[in-house]
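Report on the structure given below.
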Number of protein chains: 2
Amino acid sequence: MIKSEPRERSTRQRRAIRNVFETADRPLAPDEVLAAVQRSGAGGSLATVYRSIRAFIDEGYLTSVELPGTGAFYEIAGKTHHHHFSCLKCRRVYELEGCLPSETLRLPRGFRAVAHDLTVFGTCASCR
Amino acid sequence: MIKSEPRERSTRQRRAIRNVFETADRPLAPDEVLAAVQRSGAGGSLATVYRSIRAFIDEGYLTSVELPGTGAFYEIAGKTHHHHFSCLKCRRVYELEGCLPSETLRLPRGFRAVAHDLTVFGTCASCR
DNA sequence: TCCTTAGTGAGAATGAGATGTCAATAGCAA
DNA sequence: TTGCTATTGACATCTCATTCTCACTAAGGA
């Protein structure tokens, strides 16, 4: 007999975490999520943030964003293809519109590309 | 009185490690370096690899290559600007020639770029 | 309202990468 | 060749992000 998935509950913390991602216009690190949730008065702990993020990824609501040299960031899934800007001062990550022209890079013979990641590093507007 | 830097010694292991980077045409992870050094019969341990890499970076011979989702890779410093290809099967990293045209990505107002990283993911020629 | 159980919080545990410790080894200047 | 000391090797330890533990809380169906 197959056990059905337990139904997910709508708790204050998960609602708050969802809201944090909805209102943020950029990928967030787990500690940024925690700070935002706590600022909103919904309590929260790091374990809850990680658990919720994992649950949200499983259900397809979030995706993880891997960047060079840091831990993972998370953003709402299903956005159009885009790249990221990583501020060297405040460590925040922003979304960049658009993508490179597809044939910019030529690959060596026999190599096949299935994806690419472009990260621009610099200082963001609020860190000037 | 200023103590002068101790002069560096030319040991079998460091010569071997240097040689590994000279003959590799791609960035190497520490464990790849260790494997290559041991294959060459020069002995070696992971601690030595890390210490040597750090010394080489300090003297400007190597630079670290940060890639999304993995630990650091290292390559000989001072090469012309280039990007990387990360094989999803064998986990090896290769160099790609060339760079994107500088005006490909437009940044939001107030953002300033100082560097960028492009990583292409896929399968390499020897993993087809 | 009651009851089952998913979710929470605090802190401990984990794991992988990287670095430190220390006795033994081996460059290299004298 | 000798003596000084940088380097090595084996292994312990640290770091940091992430996950687990467990007692407690609170959704939400009955």
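- Using cut-offs of 30° and 60° on the angle between ring planes, the pair His83(A) and His116(A) is tilted.
- For dT8(C), one of the phosphate oxygens OP1 or OP2 lies less than 4.0 angstrom from a side-chain nitrogen or oxygen of Thr11(A).
- Following rounding to the nearest Å, Leu34(A) (CG) and dG9(C) (C1') show an atom-to-atom distance of 11 Å.
- When the nearest nucleotides of DNA chain D are assigned to Gln13(B) and Ser10(A) by heavy-atom distance, the more 5′-ward of the two goes with Gln13(B).
- A salt bridge does not link Glu32(A) to Arg92(A): none of the charged side-chain nitrogens sits closer than 4.0 Å to a carboxylate oxygen.
- Scanning both residues, Ala55(A) and Arg14(A), for their nearest heavy atoms gives CB-NH1, 3.6 Å.
- To the nearest 0.5 Å, atom OH of residue Tyr61(A) and atom CD1 of residue Ile57(A) are 12.0 Å apart.
- Within 3.5 Å, a donor on the side chain of Arg51(B) pairs with an acceptor on the base of dT21(C), or the reverse.
- Atom CD of Glu8(A) is separated from atom P of dG28(D) by 10 Å (rounded to the nearest Å).
- Looking at Glu75(A) and His82(A), their side chains do bring a donor and an acceptor atom within 3.5 Å of each other.
- Spacing between atom CZ of Arg15(B) and atom P of dT7(D) amounts to 13 Å, rounded to whole angstrom units.
- Note that the two end axes of the helix from dT1(C)-dA30(D) to dA30(C)-dT1(D) enclose an angle of 40°, each drawn from 5 base pairs, rounded to 10 degrees.
- Between the side chain of Arg14(B) and the base of dT7(D), no donor-acceptor pair of N or O atoms lies under 3.5 Å.
- Using bins of under 30°, 30° to 60° and over 60° for the plane-to-plane angle, the ring pair Phe85(A)/Phe111(B) lands in the perpendicular bin.
- Dashed line: the shortest gap from a side-chain N or O of Thr48(A) to OP1 or OP2 of dG9(C) is under 4.0 Å.
- Atom CZ in Arg54(B) sits 13.5 Å away from atom CG in Leu62(B) (nearest 0.5 Å).
- Between Arg12(A) and dA26(D), a side-chain N or O to OP1/OP2 separation shorter than 4.0 Å is absent.
- Of the N and O atoms on the side chains of Arg91(A) and Ser86(A), not one donor lies less than 3.5 Å from an acceptor on the other residue.
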Anything under 3.5 Å between a protein N or O and an N or O of nucleotides 16-19 of chain D, put it in a table, one pair a line.
unit_1  : atom_1 : unit_2   : atom_2 : d
dT18(D) : OP2    : Tyr50(A) : OH     : 2.4
dT18(D) : O5'    : Tyr50(A) : OH     : 3.4

